[in-house]
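I have placed the structure first, in the form of structure tokens, so that the comments after it can refer back to it.
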Number of protein chains: 2
Amino acid sequence: MTNSAKIKVYQEVLDQIRLFIEENQLSEGDRLPSERELSEQLNAGRSSVREALRAIELLGLIETRHGEGTFLKTYRPYHTVELLATFVLRQPTTKEELLDVRQMIEHECVSRVHTTLTKSDIQNLKSQILELEIPYIHTHVFNYLFQHVGNELLTKIWHLINNFSQTTFSSHLNQDFYLEFIEALSEHNIKQASGQIKKIYEKY
Amino acid sequence: MTNSAKIKVYQEVLDQIRLFIEENQLSEGDRLPSERELSEQLNAGRSSVREALRAIELLGLIETRHGEGTFLKTYRPYHTVELLATFVLRQPTTKEELLDVRQMIEHECVSRVHTTLTKSDIQNLKSQILELEIPYIHTHVFNYLFQHVGNELLTKIWHLINNFSQTTFSSHLNQDFYLEFIEALSEHNIKQASGQIKKIYEKY
DNA sequence: TACATAGTAGTGGTCTGACCACTGATTTCA
DNA sequence: TGAAATCAGTGGTCAGACCACTACTATGTA
């Protein structure tokens with residue numbers, strides 16, 4: 001009866017912290033209340049507060065400085081991704097979903113961006129590609145393209161998903177391939193560009 | 001000098017747990033040692049062990065059952081994505097961007113789902129629509145459709161965005177409109193169905 | 001006055017021990 | 001035989017105690 005209704009304290013603390021961040025419009029670099037303060041304000045033990053904070057920290061959302069306090073951080077999935085990698089690898093379904101959505105978003109990106117790219121953009125990107133090593137090209141290219149999409153939300157989602165999928169999947173296609181892809185874009189040849197994207201994912 | 005070399009106990013515990021999982025070839029459903037055992041074996045306080053476990057739990061990698069123990073769980077990326085999203089996406093996201101992405105995802109949903117819907121699905125949905133009040137139709141319809149999409153990650157993202165946008169935007173279109181929309185779907189008329197979606201967003 | 005130094009308050013980091021609530025198995029007893 | 005009570009093990013939570021570190025303040029000396 002009282003079954004699933006149990007919410008753990010640390011979960012609640014989590015929500016409260018998130019709420020606090022929103023209400024006070026905190027952004028990166030800002031300081032959170034101390035553990036003891038939170039503990040008192042939220043009427044929870046300090047250890048529970050710490051459990052919540054550690055969890056958020058592991059996600060890479062906050063940074064903790066001994067003797068100073070806890071600070072909001074720009075999201076950078078270092079440890080997270082690494083940590084997840086071992087687990088994710090074992091589960092083909094999730095990997096497929098990840099790549100599926102990523103492909104969809106990248107496709108959308110292409111169809112949105114092809115009209116806004118200037119000649120010099122194309123030129124820039126091409127020269128950058130030549131200087132990159134193969135595993136980094138894909139992310140870089142789309143990173144670049146998304147800057148011209150004009151929808152930050154979409155961009156953020158892509159970043160999120162891209163970060164997650166990176167460990168288990170990286171494009172093996174070389175510079176030439178991406179140069180062709182860009183070329184198709186610059187000629188407003190969406191069909192071909194889309195086809196190229198598909199190729200990227202074909203073997204997976 | 002001793003600067004960045006500081007590794008927190010909970011981080012170490014984290015690694016040890018991961019190691020334990022790998023060495024013992026644990027897979028989903030298997031049980032981890034109890035908190036007290038881990039505490040003793042790893043020579044760490046129970047609270048530190050808990051910090052690690054909570055963090056892993058939040059990532060969605062383990063499941064904890066009161067009175068029973070801690071168990072490995074199937075990892076689902078949308079857990080993490082959802083969690084991160086609430087932090088990452090909360091920032092200045094304009095209404096336009098929100099709706100833009102939502103429309104895109106719904107469009108994708110439609111083009112994926114139109115082949116998998118059965119006659120009885122259609123019938124079900126139609127009768128449900130008739131019983132709903134206008135503000136709830138949209139969410140309900142897509143909620144239903146997404147159950148047939150077969151990509152939980154995409155579904156989760158839609159849910160998230162839908163929740164975010166619901167406060168600022170709700171479809172004013174009536175039952176008839178959505179019935180037509182479903183009808184188009186059942187006839188595999190994606191063009192029309194897509195057109196309908198556009199209509200929903202037209203005035204915004 | 002200027003500047004190094006010592007002290008101090010506040011913070012995160014960690015551990016211990018104590019309860020509670022829950023689960024599953026065991027024992028007890030009608 | 002079967003239901004009920006008991007018990008051991010587990011997670012959930014808290015309070016309190018130290019430690020290590022940081023930033024600031026007060027102190028004292030040159």
Side-chain angles (χ1 to χ4, degrees), chain A residues 1-18 20-21 24 26 28-73 78-79 83, chain B residues 1-18 20-21 24 26 28-73 79:
Chain A
M1 192 52 74
T2 62
N3 194 2
S4 60
K6 276 281 165 56
I7 298 179
K8 295 183 202 165
V9 175
Y10 96 96
Q11 287 279 5
E12 197 124 349
V13 172
L14 212 60
D15 288 337
Q16 290 301 317
I17 291 176
R18 187 161 46 190
F20 180 87
I21 292 173
N24 297 63
L26 298 194
E28 34 175 309
D30 290 339
R31 187 169 162 281
L32 259 53
S34 77
E35 297 179 353
R36 289 169 178 85
E37 266 182 84
L38 284 171
S39 166
E40 194 174 346
Q41 283 175 23
L42 303 181
N43 213 22
R46 195 181 150 211
S47 51
S48 292
V49 170
R50 277 186 65 81
E51 288 181 13
L53 288 176
R54 260 358 87 216
I56 304 179
E57 183 182 60
L58 190 66
L59 284 176
L61 297 170
I62 60 172
E63 180 186 1
T64 254
R65 296 206 279 270
H66 196 172
E68 291 186 68
T70 306
F71 301 84
L72 241 67
K73 187 175 150 187
Y78 287 139
H79 215 99
L83 182 71
Chain B
M1 190 51 73
T2 63
N3 195 2
S4 60
K6 278 280 166 59
I7 297 180
K8 296 181 201 165
V9 175
Y10 96 96
Q11 287 278 5
E12 196 122 352
V13 173
L14 214 59
D15 288 336
Q16 289 301 318
I17 292 176
R18 182 166 50 184
F20 180 87
I21 293 173
N24 296 63
L26 298 194
E28 30 175 315
D30 290 339
R31 188 169 161 278
L32 259 53
S34 78
E35 297 179 353
R36 289 168 178 87
E37 266 182 83
L38 284 171
S39 167
E40 194 173 345
Q41 282 175 22
L42 303 180
N43 214 20
R46 194 180 150 211
S47 52
S48 291
V49 171
R50 278 186 64 82
E51 287 181 14
L53 287 175
R54 263 355 89 219
I56 304 180
E57 183 183 60
L58 190 67
L59 285 176
L61 298 172
I62 59 173
E63 180 187 0
T64 254
R65 297 206 279 270
H66 195 173
E68 291 185 69
T70 307
F71 302 83
L72 240 68
K73 188 174 150 187
H79 256 292

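Order of the sequence lines fixes the chain letters, A, B, ..., with proteins taken first and strands second; residue numbering starts at 1 for each chain. No experiment lies behind these values; they were computed from the predicted model shown.
At whole-Å resolution of the value, CZ in B/R65 and P in C/dC22 are 16 Å apart. Following rounding to the nearest Å, B/E35 (CD) and D/dG11 (C1') show an atom-to-atom distance of 5 Å. In this structure, CG of A/L53 is placed 12 Å from C1' of C/dT11, rounded to the nearest angstrom. In this structure, the OH atom of B/Y10 is 14 Å from the C1' atom of C/dT14, given to the nearest Å. In this structure, A/R50 atom CZ and D/dC14 atom P are separated by 15 Å, rounded to whole Å. At whole-Å resolution of the value, CD in A/E63 and P in C/dG12 are 13 Å apart. Rounded to an integer number of Å, the gap from NZ of A/K6 to C1' of C/dC20 is 10 Å. The CD-C1' distance, from A/E51 to C/dT14, rounds to 14 Å in whole Å.
Not a single donor-acceptor contact under 3.5 angstrom links the side-chain atoms of A/R54 to the base of C/dG12.
Taking both residues in full, the closest heavy atoms of B/S39 and B/A44 are given as OG-O, 2.6 Å, listed atom of the first, atom of the second, then distance. Contact detail for A/S48 and A/V9: the closest heavy-atom pair is CB-CG1, 3.7 Å. The nearest pair of heavy atoms linking B/A52 to B/Y10 is CB-O, 3.6 Å.
Heavy-atom distances to DNA chain C give each of A/E68 and B/V9 a nearest nucleotide, and the one nearer the 5′ end belongs to A/E68. Position along DNA chain D of the nearest nucleotide to B/T70 versus A/S47 favours B/T70 as the more 5'-ward residue. Toward the 5' end of DNA chain D, the nearer of the two residues B/E57 and A/G67, judged by each one's closest nucleotide, is B/E57.
Distances shorter than 4.0 Å separate some side-chain N or O of A/R31 from OP1 or OP2 on C/dT11.
Under 4.0 Å is where a charged nitrogen must lie from a carboxylate oxygen, and between B/R54 and B/E51 no such pair does.
Listed by residue number, the members of residues 36-45 of chain A with any heavy atom below 4.0 angstrom from DNA chain D are A/R36, A/N43, A/A44, A/G45.
Shown here is A/Q41, whose CD atom has more than 12 heavy atoms of other residues, nucleotides or ligands within 6.0 Å.
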